[in-house]
Amino acid sequence: TTAIFTCGDKNLELDIFQRAREYSISLDKTKSEFDATGGNSEVTVSSSDEWKLSEYPDWCNPSATSGKNGDKVTLCFNYNKTSAERTATITFTCGDKTAKFHAIQSFDNSSIIEFTDPYFLDALIARGIDKNHDHQISELEASCVTELNINDSNIRNLKEIKYFTALETLHCSNTPLTSLDVSNNTSLIFLDCSKNAFSTLDL
């Protein structure tokens, strides 16, 4: 701008220049890769002013979408229900500056489990274990389950429970089971298999 000083018929012009405000933003981590199950990635935002998330996909759930310098943000990526690898760019903005985080997620190409008892498969689908809604359970889908309640069902055979390697809690009471083998479920902490007519039980 120009300031004009006047005295009688004389003027003096003073030209004034002001620099634009300078913004800056950076992330301590700019890339992560995930398998089909998804996962979390924590990033720390360094910025000269308040920042916001201006771009992120619907399969990413950030713990915050705005904040200030030094904030830690957890980016939570959902299970990949598609049959292809997917990528995303998450953009953090501060003023006219941006910082980008790149995510790469693979798809579930694990083998499909062949269930001896169709009632077991039906029970798993009803309880949301079928993440990609293809009416099948893959080995990867099974390996993600930590708690399973299939009480009061018509399941007669739980042979495929061996694929549930992360299972910590299992409820399978009041079913027609005559045998149960959880020897491969080494993460199992709690088991309720009451009200069954077992002839064999392998722990």
Side-chain angles (χ1 to χ4, degrees), residues 31-42 56-63 65 74-90 101-198 200-203:
K31 182 180 179 180
S32 284
E33 297 185 11
F34 304 91
D35 62 22
T37 60
N40 299 332
S41 186
E42 185 180 77
Y56 60 95
D58 58 5
W59 46 277
C60 171
N61 299 308
S63 61
T65 57
T74 300
L75 303 173
C76 179
F77 296 91
N78 301 332
Y79 189 97
N80 187 358
K81 299 178 181 179
T82 71
S83 57
E85 180 182 273
R86 60 185 180 181
T87 61
T89 299
I90 293 89
F101 179 92
H102 301 281
I104 302 173
Q105 187 177 23
S106 60
F107 65 99
D108 184 356
N109 60 353
S110 63
S111 301
I112 299 299
I113 301 172
E114 297 292 336
F115 286 88
T116 307
D117 187 343
Y119 288 112
F120 188 15
L121 174 60
D122 291 343
L124 293 173
I125 292 174
R127 286 157 179 78
I129 309 302
D130 175 23
K131 299 293 186 181
N132 58 2
H133 307 296
D134 63 353
H135 302 288
Q136 301 179 101
I137 305 297
S138 69
E139 291 184 8
L140 182 60
E141 287 173 322
S143 69
C144 298
V145 179
T146 58
E147 183 173 352
L148 185 61
N149 188 328
I150 47 176
N151 288 343
D152 306 305
S153 63
N154 292 320
I155 300 172
R156 291 170 170 77
N157 190 313
L158 283 181
K159 181 180 178 181
E160 290 73 31
I161 200 69
K162 63 184 180 182
Y163 293 103
F164 293 75
T165 52
L167 196 63
E168 297 177 356
T169 302
L170 174 60
H171 297 268
C172 57
S173 65
N174 196 29
T175 62
L177 290 173
T178 57
S179 65
L180 178 62
D181 182 356
V182 290
S183 59
N184 289 314
N185 304 95
T186 54
S187 297
L188 197 63
I189 298 170
F190 179 86
L191 171 64
D192 177 10
C193 57
S194 58
K195 300 180 181 178
N196 286 295
F198 287 125
T200 59
L201 176 61
D202 191 345
L203 303 177

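Listed by chain and number, the residues in a side-chain hydrogen bond (donor to acceptor under 3.5 Å, both in side chains) with Thr82 are Asn80 (sequence neighbours excluded). Applying the ring pair (Phe, Tyr, Trp, His ring centres under 6.0 Å) criterion to Phe34, with sequence neighbours excluded, gives Phe77. Among residues two or more places apart in sequence or in another chain, the side-chain hydrogen bond (donor to acceptor under 3.5 Å, both in side chains) test is passed with Ser153 by none. Residues satisfying the side chain to side chain contact (heavy atoms under 4.5 Å, CB included) criterion with Ser138, sequence neighbours excluded, are Tyr79, Asp108, Ser110, Ile112, Leu140, Glu141. Contacts of Asp202 classified as side chain to side chain contact (heavy atoms under 4.5 Å, CB included), with partners at least two apart in sequence or in another chain: Asp181, Ser183. By the side chain to side chain contact (heavy atoms under 4.5 Å, CB included) test, Pro176 is found to be paired with Arg156, residues two or more places apart in sequence or in another chain being considered. Residues forming a side-chain hydrogen bond (donor to acceptor under 3.5 Å, both in side chains) with Asn40 (at least two apart in sequence, or on another chain): none. With sequence neighbours excluded, the residues forming a side chain to side chain contact (heavy atoms under 4.5 Å, CB included) with Leu203 are Val182, Leu191, Leu201, listed by chain and number. Considering only residues two or more places apart in sequence or on other chains, Thr89 meets the side-chain hydrogen bond (donor to acceptor under 3.5 Å, both in side chains) condition with His102.
Residues Asn78 and Asn61 meet the side-chain proximity criterion, which asks for heavy atoms closer than 4.5 Å. For the pair Asn185/Ile161, a side-chain contact is recorded, criterion being any heavy-atom separation below 4.5 Å from C-beta on. A 4.5 Å side-chain heavy-atom check between Leu75 and Tyr56 finds every atom pair outside the cut-off. Residues Phe198 and Leu177 are in side-chain contact: their nearest non-hydrogen atoms beyond the backbone lie under 4.5 Å apart. Between Glu85 and Ile104 the shortest side-chain heavy-atom distance falls below 4.5 Å. Looking at heavy atoms from C-beta onward, Thr169 lies out of side-chain contact with Thr146 at the 4.5 angstrom threshold.
Taking CG of Leu170 as the start and CG of Leu188 as the end, the distance is 6.0 Å to the nearest 0.5 Å. Rounding to the nearest 0.5 angstrom, the gap separating the CD1 atom in Ile155 from the SG atom in Cys172 is 8.5 Å. The CG atom of Leu167 sits 8.5 Å away from the OG atom of Ser187 when rounded to the nearest 0.5 Å. Between atom OG of residue Ser173 and atom NZ of residue Lys195 there is a gap of 6.5 Å, rounded to the nearest 0.5 Å. To the nearest 0.5 Å, atom CD1 of residue Ile137 and atom CG of residue Leu121 are 6.0 Å apart. In this structure, OG1 in Thr178 is found 9.0 Å from CG in Asn196, a value given to the nearest 0.5 Å.
A ring-ring contact (aromatic ring centres under 6.0 Å, His included) check over residues 128-150, counting only residues at least two apart or in different chains, returns nothing. Each ring-ring contact (aromatic ring centres under 6.0 Å, His included) pair with one or both residues in residues 142-197, not counting sequence neighbours, appears once here: His171-Phe190. Among residue pairs with one or both ends in residues 114-131, those qualifying as side chain to side chain donor-acceptor pair (under 3.5 Å) are Thr116-Glu160; sequence neighbours excluded.
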Exercise for the section: Tell me, with the steps shown, if Phe120 and Lys159 meet side-chain contact (heavy atoms from CB on, under 4.5 Å). Expected result: CA-CA 9 Å; Phe120 188 15; Lys159 181 180 178 181; over 6 Å; no
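Side-chain N/O atoms of Asn174 and Asp152 include a donor and acceptor closer than 3.5 Å.
Considering every non-hydrogen atom in both Cys60 and Pro62, the closest pair reads O-CD, 3.4 Å. Pairing each heavy atom of Ala36 with each of Phe107, the nearest pair is CB-C, 3.5 Å.
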